[in-house]
Amino acid sequence: MSERVVFDGVSVTYPGMSAPALREVSLEVPEGELLVLVGPSGCGKSTFLRALAGLEGVSAGRILIGDRDVTRVPAKDRDVAMVFQNYALYPQMTVAQNMGFALKVAKVPKDEIKTRVGAAARLLDLEPYLDRKPGALSGGQRQRVAMGRAIVREPQAFLMDEPLSNLDAKLRVQTRAQIATLQRRLGTTMVYVTHDQVEAMTLGDRVAILKDGEIQQVDSPAAVYDRPVNAFVASFIGSPSMNLAEVDVVDAGVSLAGTTIPVDREVLAKVTSGRALLGVRPEDLDVVGSGVAITVELVEMLGADTYIYGRLSEGPLLVARVDPSIRPALGSVVHVMPSRTYLFAAEGDQSLLG
Amino acid sequence: MIARRDVILGYVLLSLAALISLGPLLGVMILALGEPGRIGINLDIANATNFGNFADVWEKGDFGPAIRTSFIITSVVVVVSVILSVPAGYAIALMDFPGRSAIFALLILGILMPLESMIVPLFLDMRRFNLDNNYWSVILPQVGFSVAFGVFWMRAFFVQSARSLVEAAWIDGANSWQTLTRVLVPLARPQMLTLAVLFFVWNWNDFLLPLVMLSGSDLQTAPMALVTFEGARRTDFAYLGAASIITIIPVVIVFILLQRSFTRGILAGSIKE
Ligand SMILES: Nc1ncnc2c1ncn2[C@@H]1O[C@H](COP(=O)(O)OP(=O)(O)O)[C@@H](O)[C@H]1O
Ligand SMILES: [Mg+2]
């Protein structure tokens with residue numbers, strides 16, 4: 001039976017470490033939801049999953065699966081299935097034995113194991129490989145066996161730790177779609193961990209962004225993109241990253257390299273120190289007749305879009321995503337203007353919008 | 001792709017190693033086939049034709065019962081020590097329980113302590129329990145020494161190569177015992193076989209312990225029988241050589257037998273991922 005997952009003020013500190021790897025994380029994943037936990041390497045994503053699976057003890061807080069408090073329950077009794085980054089398939093067992101291992105341990109009758117393994121194998125196109133050992137499979141096939149091992153169990157929740165990171169780019173896109181379809185079909189709660197914001201945006205019902213062991217924002221993909229709570233989330237979600245520049249507040253807007261960018265008065269009123277962090281997504285930066293002047297340093301043509309990387313007279317490199325018909329020469333000066341802006345506090349990075 | 005030069009270098013090094021280890025063995029073989037009763041070491045290959053030396057030595061040294069005794073003792077030690085080392089190594093490597101590091105430290109101490117420093121108290125203990133001059137007086141201490149090393153050896157394997165598999169098994173609902181027997185033991189086959197070979201060689205060749213423990217009985221092990229050919233003043237080197245060969249042949253046979261499954265185990269492990 002699929003169940004909700006609740007983290008209630010959970011902290012995890014590894015032995016011998018001063019800073020906790022997870023800091024008072026509170027989060028509810030409703031029954032049947034696919035939540036993607038995303039963040040840079042080392043932010044505590046695996047720690048989150050390991051705490052949920054019972055592989056790591058927590059130093060504070062409670063973990064619930066359904067209504068059951070599992071904080072002190074050992075891993076083997078938590079009834080969750082995990083797909084590891086390196087798959088961790090049992091090398092001496094065949095694919096069928098790998099997938100049936102949990103059922104065998106749970107003393108499920110042989111016939112039923114066979115039926116359930118067969119059904120999962122059909123779902124994942126693994127039928128021809130059931131008698132092979134993992135060593136004789138390709139990376140993609142191993143990944144599917146790891147998925148199969150999780151599915152067969154019909155657990156209360158699926159935990160996925162960067163399950164696609166060992167696949168090549170094309171297979172990754174295919175498998176990503178398969179995982180989403182599968183999860184919707186089975187309707188089982190899933191916590192999916194990745195450092196790849198594209199995976200987060202495409203897969204998740206909701207996305208949780210983690211930084212230094214702390215949850216920054218939990219929201220739908222559209223909401224974290226449209227209304228990031230701080231500059232970290234804003235720059236982490238979206239590709240290429242949001243342009244960020246420190247700016248001075250002037251009358252009716254902010255000044256970026258001498259050009260005034262209009263900003264709502266209510267928003268400006270929240271700026272305290274006279275300085276703020278201006279954010280502009282590359283897709284919101286248009287090439288215009290007159291505006292902010294940038295010197296073109298690099299032009300990337302991707303076919304459907306073109307990215308222009310240009311430097312301000314003083315300050316950072318800006319990226320603009322423009323129509324492929326625009327092809328400025330390297331070293332030339334073009335003018336850009338944002339059609340939409342974000343504003344963050346200069347100190348603390350908090351969003352000043354809404 | 002391995003460069004041709006590396007292949008040649010490999011062969012040269014292997015041949016050199018083979019020469020270094022086989023040379024003395026060949027010497028002993030020539031010695032063993034030499035004329036008996038002659039004083040001094042005679043490595044004359046032309047005279048190495050006295051195959052009767054082996055039969056003589058077998059008879060004189062009472063090697064039949066000695067090899068039987070050695071075989072009983074060593075087999076029990078090997079089997080018991082491997083069976084104890086695997087779960088203990090697993091517990092020390094992967095289970096959390098109070099006193100774990102203290103127990104591990106104690107085991108290391110067991111590896112470091114030389115037998116010579118313990119042999120007298122050991123002997124007295126055995127006598128107190130009426131185990132002296134009996135198989136157990138050799139088997140029990142040998143198991144103790146072997147397990148100390150065996151736990152250390154298996155722990156190293158479990159710590160470095162099995163972490164994520166163990167975690168996968170736990171999440172699959174397996175308890176510690178199921179994880180050990182169904183996931184780890186099949187995986188650790190090469191390590192266990194290597195351990196068995198090491199235990200066999202060490203304990204077969206052990207001399208001091210059986211000498212002390214069995215001195216008051218008719219029991220003697222193969223190395224004890226061998227030493228009877230080393231005279232106090234005069235040594236018959238042909239007989240000594242023949243007795244040496246007889247003593248090591250069981251070790252060679254065990255090694256060859258175990259080695260076959262052993263290389264198979266290594267190959268099976270190499271395609272794991
Ligand atoms: N076993 C461990 N002992 C000590 N520190 C650890 C251990 N595992 C992870 N860490 C630390 O905890 C932090 C979070 O790690 P992790 O959860 O693996 O990050 P992620 O999966 O997001 O890359 C990192 O700083 C990492 O170095
Ligand atoms: Mg990780």
Side-chain angles (χ1 to χ4, degrees), chain A residues 15 46 49-50 52-57 73-94 97-108 132-139 141-143 145-146 149-150 152-161 166, chain B residues 86-87 89-102 104-105 154 157-194 261-273:
Chain A
S46 296
L49 284 194
R50 294 173 59 80
L52 177 50
L55 298 174
E56 221 65 70
V73 174
K76 73 180 175 64
D77 299 323
R78 291 210 183 178
D79 196 17
V80 296
M82 184 153 166
V83 173
F84 291 83
Q85 188 171 357
N86 66 358
Y87 314 142
L89 300 176
Y90 310 120
Q92 75 279 14
M93 297 185 199
T94 63
Q97 287 167 338
N98 260 283
M99 302 211 300
F101 181 72
L103 300 182
K104 196 171 161 193
V105 164
K107 304 213 162 56
V108 173
R132 287 211 204 160
K133 299 256 173 84
L137 298 177
S138 71
Q141 290 162 348
R142 286 179 204 179
Q143 204 281 335
V145 176
R149 192 166 66 175
V152 162
R153 293 189 33 202
E154 299 172 9
Q156 296 183 344
F158 289 126
L159 318 184
M160 306 273 189
D161 195 353
N166 284 335
Chain B
V86 171
Y90 168 72
I92 298 244
L94 299 167
M95 287 168 72
D96 234 349
F97 56 91
R100 176 167 82 152
S101 20
F104 187 54
M154 293 313 302
F157 171 73
F158 290 140
V159 160
Q160 56 153 319
S161 51
R163 183 97 235 172
S164 67
L165 288 180
V166 168
E167 291 180 349
W170 285 345
I171 289 180
D172 269 348
N175 60 31
S176 291
W177 182 250
Q178 291 165 325
T179 304
L180 178 65
T181 53
R182 304 204 186 163
V183 176
L184 292 184
V185 166
L187 208 65
R189 279 255 304 283
Q191 278 69 28
M192 290 166 59
L193 279 164
T194 310
S261 36
F262 178 55
T263 31
R264 216 179 309 135
I266 288 174
L267 287 180
S270 71
I271 50 166
K272 106 165 207 248
E273 174 55 17

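These numbers come from a predicted model, not from an experiment. In what follows, chains carry the letters A, B, and so on, assigned in the order in which the sequence lines appear, proteins first and then strands, with residues in each chain numbered from 1.
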Got B/Leu184 and B/Phe157 here, is their nearest side-chain heavy-atom distance under 4.5 Å?
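When only atoms from C-beta onward are counted, B/Phe157 and B/Leu184 do not touch, as no gap falls below 4.5 Å.
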
Heavy-atom distances under 4.5 Å only: say whether [X] touches chain B with side chain, backbone, both or neither.
X: A/Ala106; answer: neither
X: A/Tyr90; answer: both
X: A/Arg153; answer: side chain

Partner residues of A/Ala53 under the side-chain contact (heavy atoms from CB on, under 4.5 Å) criterion, sequence neighbours left out
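side-chain contact (heavy atoms from CB on, under 4.5 Å) list for A/Ala53, sorted by chain: A/Leu55, A/Val80, A/Met82, A/Leu159, B/Ile171.
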
Under the rule for side-chain contact (heavy atoms from CB on, under 4.5 Å), what residues qualify as partners of B/Val185, not counting sequence neighbours?
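For B/Val185, the residues satisfying side-chain contact (heavy atoms from CB on, under 4.5 Å) (neighbours in sequence not counted) are B/Val86, B/Leu180, B/Met192.
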
A/Arg78 side chain to A/Leu52 main-chain N or O, any donor-acceptor pair under 3.5 Å?
yes

Which bit of B/Arg163 comes within less than 4.5 Å of chain A, counting heavy atoms only: side chain, backbone, both or neither?
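Answer is neither: B/Arg163 stays 4.5 Å or more from chain A.
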
Answer with side chain, backbone, both or neither: which region of B/Asn175 has an atom nearer than 4.5 Å to a non-hydrogen atom of chain A?
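For B/Asn175, heavy atoms of backbone and side chain both lie under 4.5 Å from chain A.
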
Side chain to side chain contact (heavy atoms under 4.5 Å, CB included), that's the test. Do A/Val145 and A/Met99 meet it? Break it down for me.
CA-CA 7 Å; A/Val145 176; A/Met99 302 211 300; 4.3 Å; yes

